[in-house]
Amino acid sequence: MTDLDRRRVLKTGGLAGLALVLSPELLAACKSAAARTPTKEKESHFLFFTQHEAAVVQEATARLIPGPQDDPAEAGHPGAREANVTRYIDTLLGALSLSPQRIFAGGPFSNRAGWPTDDMATFIGLAPAEAWAWRRRIGAWQAQYRTGVLHLDKAAGGSFLEARNSVRDEVLAKDEGGFATLLFSHAAEGMYSNPEYGGNVQLVGWRDISFPGDVQPRGYTPAEVSKSDGPDPYHPSGIGAALIGLIKGSNGV
Amino acid sequence: MARTRTLVIGSGPGGSTAAMVLAEGGHDVTIFEKGRSYFSDLTSKRPGTVWSNDELKGDRYFGQPDPLAEPRVFRSSASDPNPYVGAVQPLPQTVGGGATHWDAKTPRYWDIDFQKLSLLGPIEGAAIEDWPFTYAELAPFYAEVESLMGVQGDVAQLPALTLAHAPRSGPFPMPPGPPQYSSLVVSDGCRKVGLHPFPAAMAITSETYDGRPPCNNCGFCSGYGCPIQARVAALAPLRRALLAGAELRVGSQVVGLRWQGSRAVGVEWLDEGGVRHTERADAVVLAGNSLESVRLALLSHLPDPNGVLGRYLMFHWFTDGSGIFFSERLHNYRGRDHTHDIDDFADPDFPGARAAAKAAGLPYFRAGKVELGGTDRPLDEAQQYQQILKYLSPGRPFGAEFKQLMRASLLRDRLLGLTLMGEDLPYATNRVDLDPSEKDWRGFPVARITYGPGRYELAAQGFYMPWMTKLLKASGADVAIAIPELSSARFPIGDSTVVQTAHIMGGMRMGADARTSVTDGVGRHHQLDNVFVGDGAVFPSSGGHNPTLTIMATALRNARRWL
């Protein structure tokens, strides 16, 4: 049964009427089928991206925030691919096509810290001024993604997806039109934001940086707030040492 | 007493406090709030809410003016060739105003803030004045607001200096909650170098108070709406205003005051759908914060015979200290941002300060309080590394190195932040007016801010910055730096070229002389008998402490004298 057929049935028959003629076994079968259908769609259907755009964004963000299969140095550390950053970005770019718009997650609590329901999964609709601003903001981003993916392909010699990692990195480092910068910003958001926005799947982003995320309504105990967690020595080297040098150099004193 | 039709513009700390006084005084009060309400029943002591532990939501301007739809313009001086258009000093634009996702620190101002001219003296180039009232006169109103909101603190731990300048007649409504680990670490460092840390006064519950639960230390505090109402601020007076019969109109933008002769007669406002309405008024209270109240006054062409409207704007000059710890993580993501302060640098007689001021050609200078502790969150941190890697790894400014930085977390989990808020003097050149070209989404001219530090501010900043690194090193930080939040010719390396302190004062200051002030000794407009200002715009001086408690206490004191 296609979606269109299903809608017709429901519209003519009505949900209650339909349920009456179905046996409990059939109903259970329908429910599990319905539960499977969106999952299948989730893998293949995007709000904004074409299949090709999604594939390029996935491979590009995996260079920016690599996981174990993208960089051997990241063995054991999930990246953009594992966090499903592509889904996050697609949800952002298509946020205004959903009702309520997928810009502001709800509250006060998720179900991650002792609350029975995930209030954050119910989004908050935009006020007119906000809708006005987000139409412009997202409209501009959509155009950047559309042309940005074309440019990535072109700069990679015709196909970003077929290019070697070293070529992909070179192309991204060039940052033509600021697209890689935009992509990196969005990828980081998808990596480390609340999972209700579509990324940070299984909290892999937060876990990788030892950040617990939202903790309401449980909160933290006074001891957790006031006491040291114990020694955790860091020995600056490589990029960390370079960062320390930069920080020291920016001292105003 | 006649029942007057009173319109209050803005539901933040000042507007809600004024509305409470007027509604409980039997007047017919309507509160206009441009933003939406993110609370369920505002007459409940503990309304439900959709504020949450969600960094991205804040980054997307939830509950704030969206800078695309409602930008402001910033210039470092009148001759700034590159004005900035975007988010400038954005405060929450929602029911509860700036105090919905504030840090809730509620120090009192000092006696020398209210009598700056008579106790400390003039400074050349600045328009130093006394307030129309002294600390002693405001003290009971401070106590009343502290009790209304529920403030935690410990008089016994307040330094002698603080108590000498801001004496208290009784204890805080609640004891301090659990101290933040990082605040304890840096408090130790302060004591080692002779400074005097103490548990900060803050409007956050540490125990069940007025029907609200104690704070459970979720960590999403400064910059986030409280999901459990352990921090209600403006909602406390707003609730009382509503219970006394006040009406709250959300999503309503007042776009003009109508006035004739020496009286306002009503307002024009747009509902959320953009439909224009007029509303009759016997009295109008401006309480949208300095920037928006002045903007509305200018849009309404309120009389300004002496050209004072919008001048003497003050923001505090902020300076950030950053200590980085290699030995351990400080887990600043738990708790209330920071729990301790020092007041030492607010003292004009701090050791060496008089001599340094003299060397700079000034009779004295002051900085202000330092907040001890605080850090960034992951999305902010990621953004910083993204920018930094462009310098450090230009050939490949992403990839495994980015993730290594995120895990090492030098700028978040190993960071101990300090914020020094320094006193701004009132200068005629620091001002807000209407931008000649930029408009908001509805076509109304936006506020243009012209602001820069003077000799006084820069001399004090230069003197106290080394103290920031000194106390961080004494706390055991492996790296300790201090950076002004706003860059200037003297300190070109700043966090930003646009001021973002969220402390907004002046622009319609109180005073007896209509040539140098916009409002009188109770915040009444000098030329319009029934127009009152209920926000921080009335401040004649900025002090060196967070302004919200003083905004509320002043609104309480003044509103009781209005009608």
Side-chain angles (χ1 to χ4, degrees), chain A residues 63-66 71 73-74 77 103-109 120 124 127-130 132-133 136-137 169 172-173 184-185 188-189 192-194 197 208-209 211 214-217 219-220 222 224-234 236 239-240 242-244 246-248 250-253, chain B residues 36 49-57 60 62 66 68-70 178-181 184 216-218 227-228 251 272 326-329 331 333-335 378-379 382 386 388 392 395-410 414 441 465-466 469 479 481-484 491 493:
Chain A
R63 298 310 304 157
L64 301 172
I65 308 182
D71 189 331
E74 285 300 298
H77 298 291
I103 300 293
F104 299 132
F109 312 134
M120 293 183 188
I124 302 162
E130 293 163 343
W132 186 95
R136 274 150 188 80
R137 184 172 289 122
D169 287 355
L172 289 166
F184 198 176
S185 298
E189 287 177 2
Y192 304 114
S193 60
N194 293 27
Y197 292 97
D208 192 42
I209 58 171
F211 179 64
D214 60 292
V215 293
Q216 286 284 12
Y220 292 105
E224 286 173 318
V225 171
S226 304
K227 296 215 161 81
S228 170
D229 285 353
D232 184 355
Y234 174 72
I239 193 68
L243 174 60
I244 295 294
L246 188 76
I247 292 168
K248 284 181 174 167
S250 63
N251 191 3
V253 177
Chain B
R36 285 185 162 180
T49 187
V50 291
W51 291 102
S52 56
N53 291 183
D54 181 345
E55 186 183 9
L56 185 62
K57 191 155 84 171
R60 291 179 172 182
F62 180 70
D66 189 302
L68 280 187
E70 299 174 89
Q180 193 97 350
Y181 177 62
L184 293 175
N216 64 358
N217 311 302
C218 75
I228 64 165
E272 212 177 65
F326 296 159
S327 54
E328 62 175 334
R329 290 168 181 265
H331 60 70
Y333 56 84
R334 306 172 195 156
L379 295 182
Q386 193 187 341
I388 287 168
L392 296 183
R396 194 167 174 271
F398 47 77
E401 287 188 328
F402 167 75
K403 290 186 68 195
Q404 286 161 19
L405 289 177
M406 286 298 291
R407 286 193 291 271
S409 203
L410 295 166
R414 292 178 187 276
W441 73 296
M465 263 204 293
T469 54
V479 178
I481 65 162
I483 308 179
F491 303 110
I493 300 178

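Below, chain A is the first sequence line, B the second, and so on; all start at residue 1.
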Heavy-atom distances under 4.5 Å only: say whether [X] touches chain A with side chain, backbone, both or neither.
X: S327(B); answer: backbone
X: Y333(B); answer: both
X: W51(B); answer: backbone
X: A400(B); answer: both

Residues passing the salt bridge (Lys or Arg N to Asp or Glu O under 4.0 Å) test with E130(A), sequence neighbours excluded, are none
Listed partners of E74(A) passing salt bridge (Lys or Arg N to Asp or Glu O under 4.0 Å), at least two apart:
K403(B), R407(B)
So which part of [X] gets closer than 4.5 Å to some heavy atom of chain B, the side chain, the backbone, both or neither?
X: Y220(A); value: both
X: I244(A); value: side chain
X: I124(A); value: side chain
X: K248(A); value: both
X: I65(A); value: both
X: D208(A); value: both

Greatest number of heavy atom pairs closer than 4.5 Å to chain B - which of D169(A), D71(A), I103(A)
D169(A)
Test F62(B) against V50(B) for side-chain contact (heavy atoms from CB on, under 4.5 Å), laying out the working first.
CA-CA 11 Å; F62(B) 180 70; V50(B) 291; 4.0 Å; yes
Pair E401(B) + R396(B): basic N to acidic O under 4.0 Å:
no
